[in-house]
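Report on one structure; see the data block that follows.
Residue numbers start at 1 and run along the sequence shown. Treat the numbers as computed from the prediction; the structure is a model and nothing was measured.
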Amino acid sequence: QLQLVESGGGLVQPGGSLRLSCAASGLRSDYYAIGWFRQAPGKEREEVSCITSHDGSTWYARSVQGRFTISRDNAKVTVYLEMNDLKPEDTAVYYCAATERTTPVRLPVIVGVPDEYDAWGQGTQVTVSS
């Protein structure tokens, strides 16, 4: 069974940095993608970044472009989200999600579509406040 565990959330001042981790287990295919979503109170869940396993292709939401960096360690089956220059509007619960396929994942198919993902983590709170 595919399972995801996030870690690394916390409280940080504006302009600060955090690194989130998403450890996956139970994957049966070499072709998968992991995305990071966030949901703030009263707002819809939005995808902020994702990465593919086979070639490391990445996508970022415009709101985090240039500040967030997604990376992967295929050996550890772990994806990281490095978040820099954090702003109060980045405050949210962050979730990682995974989808696995029998062929290389095409990002345009899955980006921004929560239903394309097969499994979700429990979420980790990120609070940006002075």
Do side-chain atoms of [X] reach the backbone of [Y] as a donor and acceptor pair under 3.5 angstrom?
{"X": "Thr78", "Y": "Lys76", "result": "yes"}
{"X": "Thr52", "Y": "Val105", "result": "no"}
{"X": "Glu6", "Y": "Thr124", "result": "no"}

| Heavy-atom pair of closest approach, residues Val111 and Cys50 | CG2-SG, 3.6 Å
Could you give the distance from [atom1] ([X]) to [atom2] ([Y]), rounded to the nearest 0.5 Å?
{"X": "Leu4", "Y": "Asp118", "atom1": "CG", "atom2": "CG", "result": "9.5 Å"}
{"X": "Thr102", "Y": "Tyr31", "atom1": "OG1", "atom2": "OH", "result": "9.0 Å"}
{"X": "Ser57", "Y": "Arg106", "atom1": "OG", "atom2": "CZ", "result": "11.0 Å"}
{"X": "Asp90", "Y": "Arg67", "atom1": "CG", "atom2": "CZ", "result": "4.0 Å"}
{"X": "Leu107", "Y": "Asp55", "atom1": "CG", "atom2": "CG", "result": "7.5 Å"}
{"X": "Arg72", "Y": "Ser53", "atom1": "CZ", "atom2": "OG", "result": "7.0 Å"}

| field | Trp36, Tyr117, Trp59 screened by side-chain hydrogen bond (donor to acceptor under 3.5 Å, both in side chains) with Glu47, the one that passes | value | Tyr117
| query | Please walk me through it: do Val77 and Tyr32 pass side-chain contact (heavy atoms from CB on, under 4.5 Å)? | reply | CA-CA 10 Å; Val77 200; Tyr32 61 90; 3.8 Å; yes
| query | Same cluster for Leu81 and Tyr95 if Ile/Leu/Val/Met/Phe/Trp/Tyr side chains link at under 4.5 Å? | reply | no
| task | Kindly work out whether a path of hydrophobic side-chain contacts (I/L/V/M/F/W/Y, heavy atoms less than 4.5 Å apart) joins Ile110 to Phe68. | result | no
| request: Take Glu89 and Lys43, measure what salt bridge (charged side-chain N to carboxylate O under 4.0 Å, His left out) needs, and give me the verdict at the end. | output: CA-CA 11 Å; Glu89 52 264 40; Lys43 294 188 176 181; over 6 Å; no
Would a 4.5 Å heavy-atom cut-off, applied to side chains only, mark [X] and [Y] as touching?
{"X": "Gln39", "Y": "Tyr94", "result": "no"}
{"X": "Glu116", "Y": "Thr99", "result": "no"}
{"X": "Tyr80", "Y": "Thr69", "result": "no"}

| said: Tell me whether Arg38 is salt-bridged to Glu44, with the criterion being a basic N under 4.0 Å from an acidic carboxylate O. | reply: no
Please output the side-chain donor-acceptor pairs of residues 10-26 that fall under 3.5 Å, not counting sequence neighbours, one pair per line with the distance.
unit_1 : atom_1 : unit_2 : atom_2 : d
Ser17  : OG     : Asn84  : OD1    : 2.8

| If you count the non-hydrogen atoms of other residues, nucleotides and ligands that lie under 6.0 Å from CZ in Arg45, is the total more than 12? | yes
| task | Return the set of residues passing ring-ring contact (aromatic ring centres under 6.0 Å, His included) with Trp120 (not counting sequence neighbours), or none when no residue passes. | result | Phe37
| message | What verdict does the side-chain contact (heavy atoms from CB on, under 4.5 Å) test give for Thr91 and Gln125, after you've listed the backbone C-alpha separation in whole Å, the side-chain angles of each residue and the deciding distance to 0.1 Å? | response | CA-CA 8 Å; Thr91 295; Gln125 177 70 47; 4.0 Å; yes
